[in-house]
Asks: 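I'd like to ask you about the structure that follows.
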Amino acid sequence: MTGFIHYGTQIAGVRYRNATGDGEILAKHVVNATGAWSQELCEELHVSPTKGVHLVVPLLHPGRALILAAPQDGRYFFILPWNGNSLIGTTDTPYEGKLEDVSVTENDVHYLLEAASFYLPKWHLEPSSVISSFAGVRPLVMRKNVPASSISRKHLLHVSSSGLINILGGKYTIYRRMAEETVDLITSTPCKTASSPLYAENYSEEEMRQRMEKMKLPLPLREHLLANYGPGTMAILTIVERSPEEGKQICPLHPHIFAELTYAIENEYVVKPEDWFERRTSIAYTPCRGKSCAEVVADKIKSYKHRIDQLQTL
Ligand SMILES: Cc1cc2nc3c(=O)[nH]c(=O)nc-3n(C[C@H](O)[C@H](O)[C@H](O)COP(=O)(O)OP(=O)(O)OC[C@H]3O[C@@H](n4cnc5c(N)ncnc54)[C@H](O)[C@@H]3O)c2cc1C
């Protein structure tokens, strides 16, 4: 989104630039859901970005998630089992740089390793133990008369004087509620979220297990699919039934089968290999970083070129 279209003092649409060029969209309502970038689009907001960093290290504590207080400052951080490794995080430090340049610094690594080592000294965690790391920015919504130290992670729905609807703050875990409140603000018909299951076809776990047994899928694959797709597992099974090739593992290092990649391309907007490796799976953060199956994944995505070209012109 590169700019607003105004009708008098009110926002009446947006200008955008995408892979195919520039365009304009007129709209009755424009929703600003740009997280830490929100203030760039609406000066009335007071957003103070903070940086979050996660480190991936070899598995420290199998089967258990630990929530701990960092000895340096008492802030909570986690050590979680994560795709065969452990995830240590997160930092929450004020960030003033360019939002798209956020990155993991030596100080961030030092802070998290020092905190984790305080509780797990026998692991001798050092910077060389870090397999991979990632950083992001959170929008911390400042409110009038609230000191920065006690700013909550609560979300904010705000309509600016130009009619721009801003929804920001909050967590992944409450995204449906945030969407519901936004929809309810815009439309006169109440949002249907509360009565709509995430997947239209709501199969029970038992039904999915029976179908996988009938298909003779290996046990570890059954558990992998259920853990990752929950009630959506049936959609993956339907793709496996199209062709036996779809049921094959993409690479022996990771549990994902071709049907998952097909599903991600057809339904989850995977248009580049990094969408798959970084955003739909976490393979990019494992020791192999996806190198051994990069070509196979790229070829599969290319086979959908026509469809992807169509998506990118939308
Ligand atoms: C390291 C880290 C770990 C986290 N862990 C958790 C967790 O475990 N659980 C949890 O619930 N939350 C977690 N969070 C918080 C979570 O990431 C945020 O709450 C969530 O991403 C906010 O979603 P959002 O859509 O509001 O903003 P964002 O996810 O930031 O999305 C905003 C989008 O707007 C885009 N954008 C900006 N400007 C423009 C423009 N002009 N035109 C078009 N697009 C634009 C940006 O590119 C971005 O994609 C974590 C955050 C970090 C940084």
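Each residue takes its place number in the sequence, starting with 1. Both ligands and their constituent atoms are indexed starting at 1 by order of listing. From a predicted model like this one, the values you see are computed outputs, not experimental measurements. As a basis for the values below, the full set of heavy atoms in this structure was taken, side chains included, without hydrogen atoms, waters or symmetry mates.
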Asks: Counting only non-hydrogen atoms of the protein, does one fall under 4.0 Å from atom 49 (O) of ligand 1?
Replies: no

Asks: Counting non-hydrogen protein atoms only, what is the nearest one to atom 36 (N) of ligand 1? Give residue, atom name and distance.
Replies: Thr34 CG2, 3.7 Å

Asks: Tell me whether atom 53 (C) of ligand 1 lies less than 4.0 Å from at least one protein heavy-atom position.
Replies: yes

Asks: Could you tell me whether atom 38 (N) of ligand 1 has a protein heavy atom closer than 4.0 Å?
Replies: yes

Asks: In the protein, what heavy atom is nearest to atom 22 (C) of ligand 1, and what distance, to one decimal place, separates them?
Replies: Gly169 O, 4.7 Å

Asks: Looking at Arg75 and Asp92, does any basic side-chain N land under 4.0 Å from a carboxylate oxygen?
Replies: yes

Asks: Using a 4.0 Å heavy-atom cut-off, say whether Lys51 meets ligand 1 through its side chain, its backbone, both or neither.
Replies: neither

Asks: Using a heavy-atom cut-off of under 4.0 Å, does the side chain or the backbone of Ala33 touch ligand 1, or both, or neither?
Replies: backbone

Asks: May I ask you to say whether Glu205 pairs ionically with Arg211, meaning some side-chain N is under 4.0 Å from a carboxylate O?
Replies: no

Asks: For a 4.5 angstrom cut-off between non-hydrogen side-chain atoms, does Leu55 reach Val109?
Replies: yes

Asks: Judged by modelled atom types alone, do Thr262 and Lys300 share a side-chain donor-acceptor pair under 3.5 Å?
Replies: yes

Asks: So does Arg176 pair up with Glu180, basic N to acidic O under 4.0 Å?
Replies: no

Asks: Which of the numbered atoms in ligand 1 are under 4.0 angstrom from any heavy atom belonging to Gly136?
Replies: 53 (C)

Asks: Report yes if the side chains of Tyr203 and Thr233 come closer than 4.5 Å at any heavy-atom pair, otherwise no.
Replies: no

Asks: Dump the intermediate steps for ring-ring contact (aromatic ring centres under 6.0 Å, His included) on Trp82 and His54, then the final yes or no.
Replies: CA-CA 11 Å; Trp82 199 65; His54 278 316; 7.9 Å; no

Asks: How far is atom 3 (C) of ligand 1 from its nearest protein heavy atom, and which residue and atom is that?
Replies: His54 NE2, 3.4 Å

Asks: Which residue supplies the protein heavy atom nearest to atom 26 (O) of ligand 1, what is that atom called, and how far is it?
Replies: Gly35 CA, 4.0 Å

Asks: Under 4.0 angstrom from atom 29 (O) of ligand 1, is there any protein heavy atom?
Replies: no

Asks: Consider only side-chain N and O atoms of His224 and Glu260, and report whether a donor and an acceptor are under 3.5 Å apart.
Replies: yes

Asks: Less than 3.5 Å between some nitrogen or oxygen of Met1 and one of ligand 1, yes or no?
Replies: yes

Asks: Is the shortest distance from a Lys or Arg side-chain nitrogen in Arg209 or Glu206 to a carboxylate oxygen in the other one below 4.0 Å?
Replies: no

Asks: Taking distance alone, with no angle check, do Gly170 and ligand 1 share an N/O pair under 3.5 Å?
Replies: yes

Asks: Can you list the steps and then say if Asn83 with Tyr285 is a side chain to side chain donor-acceptor pair (under 3.5 Å)?
Replies: CA-CA 9 Å; Asn83 300 326; Tyr285 303 104; over 6 Å; no

Asks: From the options Glu100, His155, Arg138, select the one whose nearest heavy atom is closest to atom 2 (C) of ligand 1.
Replies: Arg138

Asks: Using a 3.5 Å cut-off on N or O atoms only, is Tyr172 in polar contact with ligand 1?
Replies: yes

Asks: May I ask whether Thr173 has any heavy atom positioned less than 4.0 angstrom from an atom of ligand 1?
Replies: yes

